[in-house]
Every structure is written in structure tokens, then in C-alpha cells.
There are 2 protein chains.
Amino acid sequence: MVRQRRPTITDVARAAGVSKGAVSFALNGRPGVAEETRQRILAAAKELGWTPSHRARALSASRAFAVGLVLARPPELLGVDPFFPAFIAGVERVLAERNQALVLQVVTSQRAEEDGYRRLAADGRVDGVFLLDLRVADPRIALLKQLRLPAVTLGRPDVASPFPAVLVDDRPGITAAVSHLVELGHRHVAHVAGPEHFLHGAARRDAWEGALRAAGLPPGPCVPSDFSAAGGARATRQLLDLADPPSAIIYANDLMAMAGMAVARERGIDVPGGLSVTGFDDTELAAHLSPALTSVRTDPSGWGGVAARTLLDLIDGDGVADVEMPPAQLVVRASTAAPPPTPHQAP
Amino acid sequence: MVRQRRPTITDVARAAGVSKGAVSFALNGRPGVAEETRQRILAAAKELGWTPSHRARALSASRAFAVGLVLARPPELLGVDPFFPAFIAGVERVLAERNQALVLQVVTSQRAEEDGYRRLAADGRVDGVFLLDLRVADPRIALLKQLRLPAVTLGRPDVASPFPAVLVDDRPGITAAVSHLVELGHRHVAHVAGPEHFLHGAARRDAWEGALRAAGLPPGPCVPSDFSAAGGARATRQLLDLADPPSAIIYANDLMAMAGMAVARERGIDVPGGLSVTGFDDTELAAHLSPALTSVRTDPSGWGGVAARTLLDLIDGDGVADVEMPPAQLVVRASTAAPPPTPHQAP
DNA sequence: TTGTACGCGTTATCAG
DNA sequence: CTGATAACGCGTACAA
């Protein structure tokens with residue numbers, strides 16, 4: 001009664017009275033076996049409860065049937081980034097369809113990150129990887145090329161890249177935020193940026209600066225920060241300490257914006273009465289703050305799905321092209337309003 | 001110059017002039033080869049750039065050298081749970097040491113979750129799994145037993161379980177929160193709970209109720225919710241709408257507490273002047289809100305490390321016992337204070 | 001120490 | 001065209 005060993009195609013072959021090869025052909029639906037024989041083999045496989053041995057297939061095909069993701073995050077940011085679980089959920093939806101697995105590595109330093117890719121490649125644990133959080137002159141592009149590890153980048157690298165990219169454009173969202181604030185009458189719009197070495201951080205910063213210039217306004221001060229609440233609070237204090245503080249701040253993510261709103265409140269500055277604030281990510285909490293946070297909505301789960309599909313197609317050798325994703329959109333809520341009258345700017 | 005095929009132990013054997021078996025012994029540092037021969041073999045392996053084939057080892061040893069984690073989260077909670085990335089980071093630290101990989105599945109329904117475990121088991125993708133978010137009469141225990149998949153549970157199941165547990169106790173943190181509030185003078189302490197079918201949700205609820213009783217106070221109202229900001233806001237409105245609203249609310253996580261604080265503010269209720277609030281998780285943002293949120297600090301990363309070690313030991317067949325983790329601790333900040341005078345309760 | 005079977009599916013070769 | 005046979009991928013384990 002105990003089924004100790006799982007059945008192999010050899011067992012199926014014996015049961016159906018054919019050879020191993022015939023079983024393989026039949027199970028994979030390939031020509032070369034008569035229809036009647038095929039049915040007999042399939043029936044035998046079903047009766048024995050045969051399931052393919054993933055390990056044997058992996059060895060035989062020199063494939064892992066898995067893709068990898070190495071995530072580098074400083075410890076304090078590990079629990080607060082809303083992007084990554086949503087991205088993974090999108091990835092999984094596609095992987096599940098194709099019976100692929102996701103091998104995840106979470107590391108807390110860039111050095112460990114490269115080691116992570118090296119290990120994945122050396123062990124043949126994965127057939128390809130996702131490249132997130134692109135950096136300026138990102139060394140991982142060359143590393144993956146050298147490791148001959150297929151990859152898909154989220155965003156377009158600033159260096160030559162042999163890999164397809166899922167193009168996400170944060171800029172329209174930031175541009176919309178700036179326009180929104182300018183229309184409300186703001187003339188002094190600051191930015192609390194993400195780390196400068198991240199391309200998405202730089203893109204948001206550039207979009208902020210470009211939108212202000214396009215509106216004929218001088219870019220206000222920009223404080224680079226680190227996406228953390230502590231960093232957002234620090235940057236906000238810095239901006240509010242200025243002789244000529246901004247009337248609005250565009251934050252590169254919601255978390256920093258939330259911390260910034262708290263700093264303003266501590267100082268008795270009303271949001272949005274005395275200071276308008278916008279975030280980025282549109283986290284679930286954003287809509288439930290007081291005031292509710294105006295933010296930029298992105299679609300990490302959708303990106304994950306597209307990235308996964310692209311990566312699997314690349315691994316399968318299908319021709320793949322970059323995919324352009326819809327632009328991020330501004331969600332206006334209650335943290336933005338007309339600026340307060342500024343006496344010292346009166347004519 | 002092109003190294004097309006990666007070297008196998010057969011190549012190493014040929015180069016060193018010995019047999020495959022000898023190479024295997026030498027590379028695994030096992031007795032049975034003369035020291036001199038061993039050196040020659042190691043030198044040959046190094047020169048050829050041999051690295052072990054993970055796939056061949058997996059097939060031969062019938063092991064995946066990987067562990068799995070299936071995470072079920074409703075979409076709206078995917079990006080907001082601080083627990084899970086930190087837990088994974090802790091897991092990875094241990095896995096990296098032992099050259100194991102983590103196979104992750106993120107699903108959005110319980111049905112898909114069971115399928116996830118089934119797939120991991122059927123494919124032999126993993127040698128064991130973590131069981132998180134234990135539920136009342138959790139059916140996954142039986143499922144994993146049936147699948148013969150070694151597992152480690154986070155927390156002690158309420159059903160008989162053949163698996164070792166990493167015992168995390170949320171209760172002392174909640175108890176401390178209640179005591180703190182009672183000492184401040186609160187006599188009407190409500191609770192916004194997590195979903196009732198989660199053991200940790202139930203444990204937090206029980207701790208709240210038990211601590212109040214121990215203090216000789218009747219448990220205030222308890223509103224079960226779902227850990228989301230929207231749910232926290234809804235529950236808070238419900239509590240504040242009561243004829244006799246609580247003077248303090250203990251939330252089962254920070255996110256609901258933050259949303260609750262916003263609801264209070266919208267209604268013109270000062271926190272902590274008119275309402276004290278405590279959270280759970282001690283997310284990074286908690287310390288940077290205004291007022292800063294009193295919360296219960298847990299150590300998901302530490303739990304992850306211990307869970308991983310326990311699981312790997314279990315897989316290796318070492319005897320493993322339950323591991324008790326230090327209790328959660330209350331971090332007092334500015335969202336808790338003495339209750340306002342309550343005229344209608346005056347003698 | 002060596003030789004070889006084993007784990008298990010895939011695929012090329014070849015006979016019918 | 002049908003199907004059998006055998007080699008392959010690669011490390012491990014055991015008998016000789």
C-alpha cells in the first residue's frame with residue numbers, strides 16, 4: 001500500500017510494454033508514436049501516478065526552469081518598500097502558468113548582491129534574472145553579460161545593454177505633480193530625491209527639474225535622501241530650515257512624504273495650508289492619512305508580469321523587444337492646495 | 001580560448017589520472033584517497049575551473065538544496081506588510097552560508113496557497129518549507145504531512161503538528177501596551193484586531209483581553225479587521241461612533257494604527273490628548289509620525305534566521321526542538337498619554 | 001582506489 | 001512511419 005519510490009518513465013514503459021524513449025515521446029506529445037500506443041502510454045502513466053521528475057529534466061535539459069531575483073536593500077528599508085512584494089506577485093502569476101519557480105535572494109549590500117548573481121549563475125540555479133533598481137553606470141550589466149545569464153532590466157540602463165528592458169517611466173507622474181502644484185499657484189517647489197545613484201531616483205529628479213523649467217520657474221532646492229522615513233524627515237527639516245523655505249515638496253516616495261508631513265506638523269506648519277506635499281508609489285496608506293496624500297500611482301505588479309513574460313521568452317530564445325509600460329499617473333488628494341500668501345515676495 | 005562546456009569530474013579525473021570516484025572523494029574531503037593524490041586532484045580541478053554541478057548533485061542526492069516559502073496575501077496588503085521582507089532577509093543570511101536557495105511563491109488566495117505547496121512538493125523544488133501566518137485549525141499542517149514535506153512553523157499551531165516551531169510570542173508586547181495604558185489611567189481600552197482566523201491575530205486579541213481582565217477592567221470593544229489601512233480606518237470609525245467611545249485603542253499592526261490616527265485627526269480628536277493609540281510591528285515610519293507611534297517591536301529578521309537554521313537541521317535529519325524567541329517589546333512614544341477627563345463618568 | 005550502477009528524462013541513431 | 005536501443009548530463013555510492 002505504501003508507494004515508496006515515485007514512478008519513473010521506466011516504470012511507465014514497462015507497464016505499457018514499450019521503451020523509455022517511446023514514453024518520453026508520448027508524454028511530450030511529439031510525433032513518432034502511433035496514436036493507439038500513445039493512449040496506452042498515457043493511461044499507464046496516469047494509473048501509476050507518474051509525474052515528471054523536475055530534477056532529471058533539469059539535468060538533462062541543462063535548464064533550471066527557474067528565474068532569479070536578487071534584491072539589495074539596506075536593512076532599515078527592508079520592510080517598507082511597497083514595490084517589491086507587488087512586483088514579485090506579478091512575476092509569480094506568470095511563472096505559475098509556465099511552471100517556473102522564482103529563486104529569491106535578499107541581501108543588504110551591493111557587494112553581496114553581485115555575489116548573489118554569481119552564485120545563482122555558478123550553481124545554475126536559474127535560467128535568467130531580473131535586474132531592478134538600475135544604477136548609474138550599473139556594473140551588473142557587464143557582470144550578467146560575463147556570466148552569460150539572460151536578464152531583463154526594469155527601466156532602460158544608461159550603459160549599453162544586451163538585455164531587453166521593461167520601460168517604466170516615472171517622469172510623467174512627477175511632471176503631473178509639478179504641473180498640479182504650479183497650477184495651484186506654487187512657485188517654489190522643492191524635491192526630496194531618492195539616492196542619486198539610482199536611475200529611477202535621477203529620473204524623478206530630472207522630471208521635477210524639467211517640469212519646473214518648462215513652467216518658467218527656477219528649480220527649488222533638491223535634497224537627495226535615501227527613501228527611508230528617517231531620511232525623509234531629515235531632508236524635510238533641512239528644507240524648512242532654509243531662509244526661503246519651499247511652499248511645496250515633491251518626495252520621491254510616499255514613505256519620505258509621510259515623514260515629511262509629520263515634520264511639518266511638529267513645526268506647526270499646516271499641510272496643505274502652509275505646505276503642499278506629494279508622494280510617489282501611492283501606497284495603500286497614502287489614501288488613509290490625514291490629510292490624504294497626493295501621490296503618483298505606479299503598477300509594480302503589472303511590471304512584474306510583463307518582466308516575467310519577457311524574461312521567459314528571452315530564455316526560450318524567442319525574439320524579444322523592449323516593452324513600454326503605461327506612464328505613472330498622479331492621484332490628487334488632500335495634501336496639496338494653493339500656497340499661503342508669501343509676504344516677503346509681495347511686490 | 002572559448003570554454004564551451006563546463007568541466008565535469010570526469011574531466012578532472014582524466015586530468016589527474018585517476019577515477020571519477022576518487023575525484024568525488026577528494027573534492028568532498030572524505031577519507032579514501034592518499035593525501036598526495038588528493039592534492040593532485042584538487043590542483044587539476046582548480047586548473048580546469050571545475051565547479052560542482054548543482055543539477056547533477058540534486059538528481060543524484062534526490063535533494064533540491066532549496067527551501068520554499070509560499071506567501072498568501074490579498075493584493076491590497078502585498079506592499080504594506082513589513083514582516084515578510086525582513087523575515088526573508090533573515091532566512092537568506094542563513095541560506096547563503098549553507099549554499100541553499102529560497103524558492104518563493106507569492107499568491108493572493110488560500111486556494112492558490114495550497115496549490116503552491118503541492119507544486120513545490122510535486123516538482124521536488126524544495127526540501128522543506130516555512131509555514132507562516134498560522135491559521136485556526138490550519139489545514140496546511142495536514143497537507144504538508146501528507147506531502148511528506150518537512151516544515152517549520154512560525155508560532156505553535158493549535159492542532160497537533162509533527163513540525164518544529166519557532167515560538168514567537170506577541171502577547172507580552174500587547175500585555176505591556178495594555179499595562180502602559182492602564183498605568184496612564186485608561187479604563188476603556190479598545191482593540192482593532194487582525195483577521196480572527198489567524199493565530200497571531202487571535203493571540204494579540206487574547207492578550208489584550210487577558211491583560212485588561214488582569215487589571216480588573218472590563219475588556220472594551222474589539223473590532224476585527226484585516227491589517228489594511230482601509231480596514232483600520234473603518235474599525236476606528238466604528239469605535240469612535242460608539243456612545244461610549246474608548247479612550248485608547250490597541251491596534252494589531254502599525255498600518256491600522258496609522259490609519260486610525262488619521263481618522264481621529266479628521267474628527268478633531270487629538271492624539272494622544274483625546275485618544276491614545278498603539279501599533280504593532282514598530283515599522284520604520286512609526287517613529288517618524290506626528291505624534292510618533294507607540295508600538296510593539298518584533299524581530300522578523302531574527303525569526304527568519306532561526307527558522308531557516310531549524311528547517312535546514314530538520315532536513316539534514318538532525319534532531320530539532322522548538323525554539324523560543326524573546327518576547328516582543330513595547331516601544332513607548334508620543335501617541336499614548338493620560339486619558340482626557342470623562343465628564344459622564346464623574347461620580 | 002577503481003569500476004560501475006544509479007538517479008531519470010531527453011534525444012540521436014538505427015532497425016523494422 | 002513506428003519504436004527500440006543507447007548515449008548523455010554529472011555526481012554519488014558501493015562492490016570489487
Side-chain angles (χ1 to χ4, degrees), chain A residues 3-46 48-66 99 122-125 127 316-317, chain B residues 3-42 44-45 48-66 99 122-125 127 316-317:
Chain A
R3 182 168 293 143
Q4 273 301 23
R5 204 173 51 81
R6 56 185 285 176
T8 73
I9 54 166
T10 307
D11 300 321
V12 176
R14 192 169 23 234
V18 294
S19 72
K20 259 174 63 175
V23 173
S24 179
F25 274 64
L27 291 170
N28 293 318
R30 290 198 310 196
V33 278
E35 190 50 34
E36 187 205 2
T37 314
R38 181 188 307 274
Q39 291 307 332
R40 187 153 39 92
I41 292 171
L42 294 180
K46 187 171 200 176
L48 290 176
W50 176 88
T51 50
S53 159
H54 168 257
R55 288 196 265 271
R57 293 187 67 211
L59 177 62
S60 174
S62 298
R63 284 250 275 152
F65 303 105
N99 235 299
D123 290 355
R125 289 268 192 189
D127 301 317
D316 287 345
Chain B
R3 182 168 293 144
Q4 272 303 21
R5 202 174 54 82
R6 56 184 287 173
T8 73
I9 54 167
T10 308
D11 299 321
V12 176
R14 193 169 22 236
V18 295
S19 72
K20 260 173 60 176
V23 173
S24 180
F25 273 61
L27 291 170
N28 292 322
R30 290 196 309 197
V33 278
E35 188 51 35
E36 186 205 2
T37 315
R38 182 189 305 276
Q39 292 307 331
R40 188 153 39 90
I41 292 171
L42 293 180
L48 290 176
W50 176 88
T51 50
S53 159
H54 168 257
R55 286 193 268 268
R57 294 188 65 210
L59 177 62
S60 173
S62 297
R63 285 250 277 152
F65 303 105
N99 236 297
D123 291 355
R125 289 267 192 191
D127 302 316
D316 287 346

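No hydrogens, no waters, no symmetry mates; every other heavy atom, side chains included, goes into these values.
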Check Ile9(A) against Trp50(A) and note the closest heavy-atom contact, atom names and distance. N-NE1, 3.5 Å
Residues which pass side-chain contact (heavy atoms from CB on, under 4.5 Å) with Ser60(A), listed by chain and number, not counting sequence neighbours: none
Residues which pass side chain to side chain donor-acceptor pair (under 3.5 Å) with Arg63(A), listed by chain and number, not counting sequence neighbours: Asp127(A), Asp316(A)
Give me the first and last nucleotide of DNA chain D, going 5' to 3', that has any atom under 4.0 Å from a heavy atom of chain A. dT2(D) to dC10(D)
Please identify each residue that fulfils salt bridge (charged side-chain N to carboxylate O under 4.0 Å, His left out) with Arg40(A), with sequence neighbours left out. none
For Phe65(B) and dG7(C), give me the distance from atom CZ to atom P, rounded to whole Å. 17 Å
Nearest-nucleotide wise, let me know which of Leu59(B) and Ser19(B) is further upstream toward the 5' end of DNA chain C. Ser19(B)
Which donor-acceptor pairs under 3.5 Å do the side chains of residues 22-35 of chain A make with protein atoms, sequence neighbours left out?
from: Asn28(A); atom 1: ND2; to: Ser24(A); atom 2: O; distance (Å): 3.0
from: Glu35(A); atom 1: OE2; to: Gln39(A); atom 2: NE2; distance (Å): 2.8

Do any pairs count as a salt bridge (charged side-chain N to carboxylate O under 4.0 Å, His left out) and have a residue in residues 17-27 of chain B, sequence neighbours left out, and if so which ones? none
Under 4.0 Å protein heavy-atom contact, by nucleotide of nucleotides 10-16 of chain C - B base, S sugar-phosphate only: BB-----
Scan Val23(A) against the nucleic acid and name what it touches under 4.0 Å (heavy atoms): base, sugar-phosphate only, or nothing. nothing
Give one of base, sugar-phosphate or nothing for Gly124(A), where a contact means two heavy atoms less than 4.0 Å apart. nothing
Expressed as a whole number of angstroms, how long is the span from Arg38(B):CZ to dT2(C):P? 13 Å
Restricting to side chain to side chain donor-acceptor pair (under 3.5 Å), what partner residues turn up for Ser19(A), sequence neighbours left out? none
Sequence neighbours excluded and cut-off under 3.5 Å, please list the side-chain donor-acceptor pairs for residues 52-59 of chain A, or say none.
from: Ser53(A); atom 1: OG; to: Ala56(A); atom 2: N; distance (Å): 3.1
from: His54(A); atom 1: NE2; to: Ala64(A); atom 2: O; distance (Å): 3.3
from: His54(A); atom 1: NE2; to: Arg125(B); atom 2: NH1; distance (Å): 3.1
from: Arg55(A); atom 1: NH1; to: Gly124(B); atom 2: O; distance (Å): 2.8
from: Arg55(A); atom 1: NH2; to: Ser62(B); atom 2: O; distance (Å): 3.4

Counting the atoms with a prime plus P, OP1 and OP2 as sugar-phosphate, which does Ser53(A) contact under 4.0 Å by heavy atoms, base, sugar-phosphate, or nothing? sugar-phosphate
Does Thr37(B) reach a base, just sugar-phosphate, or nothing at all? Heavy atoms under 4.0 Å. sugar-phosphate
